[in-house]
Number of protein chains: 2
Amino acid sequence: MDNDIHYRMFSQTVEYALRAVVWLAQHPGKPLTRQQIAGATQAPADYLAKVMRALGQAGVVQAGRGVHGGFMLARSSDAISVLEVVNAVDPIRRIHSCPLDLPSHSLRLCPLHRKLDDAVAQIEAALGSTRLSDLTGEGGQVRPLCEAAQIVRGAASP
Amino acid sequence: MDNDIHYRMFSQTVEYALRAVVWLAQHPGKPLTRQQIAGATQAPADYLAKVMRALGQAGVVQAGRGVHGGFMLARSSDAISVLEVVNAVDPIRRIHSCPLDLPSHSLRLCPLHRKLDDAVAQIEAALGSTRLSDLTGEGGQVRPLCEAAQIVRGAASP
DNA sequence: GGAGTTATGGATAATGATATCCACTATCGG
DNA sequence: CCGATAGTGGATATCATTATCCATAACTCC
């Protein structure tokens with residue numbers, strides 16, 4: 001409201017979750033550990049533990065413990081939508097009733113909240129129709145999350 | 001991420017700001033005081049002071065002090081977009097560069113962040129094309145923010 | 001000009017999201 | 001079985017948002 005960077009349409013938690021599952025989608029086959037994912041996606045490893053747990057409980061990823069443990073997508077990357085990932089960690093909240101703090105008699109929203117809910121619905125639809133496979137480049141070919149991430153990988157693993 | 005209600009696509013501050021300007025749009029002519037707006041829109045009066053100040057600095061509302069003071073829209077309600085109100089208090093942040101914490105060499109976003117930014121752009125467009133007059137009912141006729149708000153007004157002012 | 005009213009601006013407190021840390025459990029390889 | 005590895009779960013710290021409070025400035029009416 002006043003000075004510098006803060007407001008985000010998507011929470012930091014959602015950011016981490018999406019980076020993680022995209023990275024997993026780009027590296028199928030063997031499980032990746034939390035440390036590996038954290039390193040690649042520039043997420044704090046300790047916090048990522050919580051995020052991954054939420055993804056596991058939601059059935060988006062499959063976790064394995066022990067020496068060859070780590071995380072894999074629970075299904076193929078074209079069977080998981082971005083919306084599912086978002087909802088696993090920070091559910092998108094549609095506006096079903098008037099947010100004024102009253103028992104909602106109203107079944108219909110006022111023009112303002114109808115507009116806002118329409119906007120949320122748009123997002124929901126956009127995320128729901130996007131699959132993880134849409135974000136990994138065609139043919140399972142490995143693509144970096146961003147150009148910048150590619151640079152990091154190059155620098156970190158000579 | 002775990003148990004109950006939290007995540008919102010729009011911040012509480014944005015909610016208050018929008019309720020306030022919609023209420024102002026529905027009551028043109030004379031200025032409304034912070035207390036009046038707070039009462040009608042169920043917003044905490046003290047916090048609303050800050051929100052209104054931000055709206056004033058952004059040129060969305062016009063403030064007057066003293067005995068017949070209060071707030072009025074700075075322009076007519078069909079000359080103010082919802083986006084302008086949102087940006088006045090909690091600017092929508094487009095994703096211009098990779099959020100990974102590196103100097104952004106990359107001019108192009110990766111598929112993930114392109115998708116996310118597209119979603120944000122959709123919201124921006126939807127809010128930008130909606131005017132306050134679109135939210136007040138046709139012909140300047142007074143409509144409540146929500147059905148619930150109408151009930152409150154009825155109960156509060158017999 | 002004085003009294004009362006109302007926004008302004010800053011300081012401070014409470015709340016929720018984010019981040020860190022540690023003990024525990026499951027799994028694998030010997 | 002033993003030790004090492006890696007996820008699980010909970011406790012705690014940090015930080016931004018939200019909320020409250022107070023002193024001050026501007027304005028109206030008398």
Side-chain angles (χ1 to χ4, degrees), chain A residues 1-17 19-20 24 30-39 41-72 74 86 89-91 93 99 101, chain B residues 1-20 24 30-39 41-58 60-72 74 86 89-91 93 99 101:
Chain A
M1 187 159 89
D2 29 74
N3 34 23
D4 63 337
I5 341 178
H6 38 193
Y7 191 60
R8 288 196 203 81
M9 182 97 349
F10 300 101
S11 73
Q12 194 63 36
T13 305
V14 164
E15 254 287 327
Y16 294 153
R19 290 189 212 165
L24 287 179
K30 50 182 172 254
L32 298 181
T33 82
R34 174 171 58 99
Q35 301 291 345
Q36 291 174 313
I37 301 170
T41 65
Q42 301 284 312
D46 287 318
Y47 190 61
L48 188 62
K50 291 194 135 180
V51 177
M52 296 311 294
R53 179 150 54 99
L55 290 173
Q57 287 170 347
V60 173
V61 303
Q62 206 175 1
R65 304 195 190 193
V67 91
H68 286 136
F71 298 93
M72 295 178 61
V86 171
V89 295
D90 245 349
R93 303 193 70 75
D101 57 353
Chain B
M1 187 159 91
D2 29 74
N3 33 23
D4 64 338
I5 340 178
H6 38 196
Y7 191 58
R8 287 194 205 84
M9 181 99 348
F10 300 102
S11 74
Q12 194 65 34
T13 306
V14 164
E15 255 287 325
Y16 294 153
L18 285 173
R19 289 190 212 165
L24 287 179
K30 48 179 173 261
L32 299 180
T33 82
R34 174 170 60 98
Q35 301 290 345
Q36 292 173 313
I37 301 170
T41 64
Q42 301 283 309
D46 287 317
Y47 189 61
L48 188 61
K50 291 194 135 182
V51 177
M52 297 310 294
R53 179 152 53 101
L55 290 173
Q57 288 171 346
V60 173
V61 304
Q62 206 174 1
R65 303 193 190 194
V67 92
H68 286 137
F71 298 94
M72 296 177 61
V86 171
V89 296
D90 244 349
R93 302 193 71 75
D101 57 352

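Everything numeric here is computed off the predicted structure, so don't read it as measured data. Just so it is clear: chains get the letters A, B, ... in the order the sequence lines come, proteins before strands, and each one is counted from 1. Side chains included, hydrogens not; waters and symmetry mates left out as well; all remaining heavy atoms used.
As judged by a 4.0 angstrom heavy-atom cut-off over every strand, A:Gly56 is placed among residues making no nucleic acid contact. Counting any heavy atom pair closer than 4.0 Å across all strands shown, A:Gln62 reaches no nucleic acid atom. Backbone-only engagement by B:Gly70 is indicated by non-hydrogen atom pairs under 4.0 Å involving sugar-phosphate atoms exclusively.
Look at CG on A:Leu55: it is 14 Å from P on D:dG9, rounded to the nearest Å. Rounded to whole Å, atom P of D:dT20 lies 12 Å from atom CD of B:Gln35. Across the protein-nucleic acid pair, A:Tyr47 atom OH and C:dT20 atom P stand 11 Å apart, rounded to whole Å. One atom, NZ of A:Lys50, and another, C1' of D:dG9, lie 9 Å apart when rounded to the nearest Å. Look at NZ on B:Lys30: it is 17 Å from C1' on C:dT6, rounded to the nearest Å. Regarding B:Tyr16, its OH atom lies at a distance of 11 Å from the C1' atom of D:dT17, rounded to whole Å. The separation between B:Asp46 atom CG and C:dA13 atom C1' is 13 Å, rounded to whole Å. Across the protein-nucleic acid pair, B:His68 atom NE2 and C:dT6 atom C1' stand 12 Å apart, rounded to whole Å.
When the nearest nucleotides of DNA chain C are assigned to A:Gly66 and A:Leu48 by heavy-atom distance, the more 5′-ward of the two goes with A:Leu48. Comparing B:Ala49 and A:Arg65, the nucleotide of DNA chain C nearest to each residue sits closer to the 5' end for B:Ala49.
Applying the 4.0 Å criterion to OP1 and OP2 of C:dA7, one finds that B:Arg34 has a side-chain N or O inside that range. For A:Gln57 and D:dG9, the shortest distance from a side-chain N or O to OP1 or OP2 is below 4.0 Å. Distances shown here put every side-chain N or O of A:Ser11 at or beyond 4.0 Å from the OP1 or OP2 atom of C:dA17.
Among C:dA7, D:dA6, C:dT18, the nucleotide with an atom closest to any side-chain atom of A:Thr33 is D:dA6.
Looking at A:Pro44 and A:Asp46, their side chains never come closer than 4.5 Å, going by heavy atoms from C-beta outward. Between A:Gln42 and A:Arg19, some side-chain heavy-atom pair lies under the 4.5 Å cut-off. Residues A:Phe10 and A:Glu15 are not in side-chain contact: their nearest non-hydrogen atoms beyond the backbone lie 4.5 Å or more apart. Two residues are said to be in side-chain contact when any heavy atoms from C-beta on lie closer than 4.5 Å; A:Met9 and B:Met9 meet this criterion.
Taking 3.5 Å as the limit, the base of D:dT8 and the side chain of A:Arg53 contain no donor-acceptor pair of atoms between them.
Among all heavy-atom pairs drawn from A:Gly69 and A:Pro31, the shortest one is O-CB, 3.8 Å.
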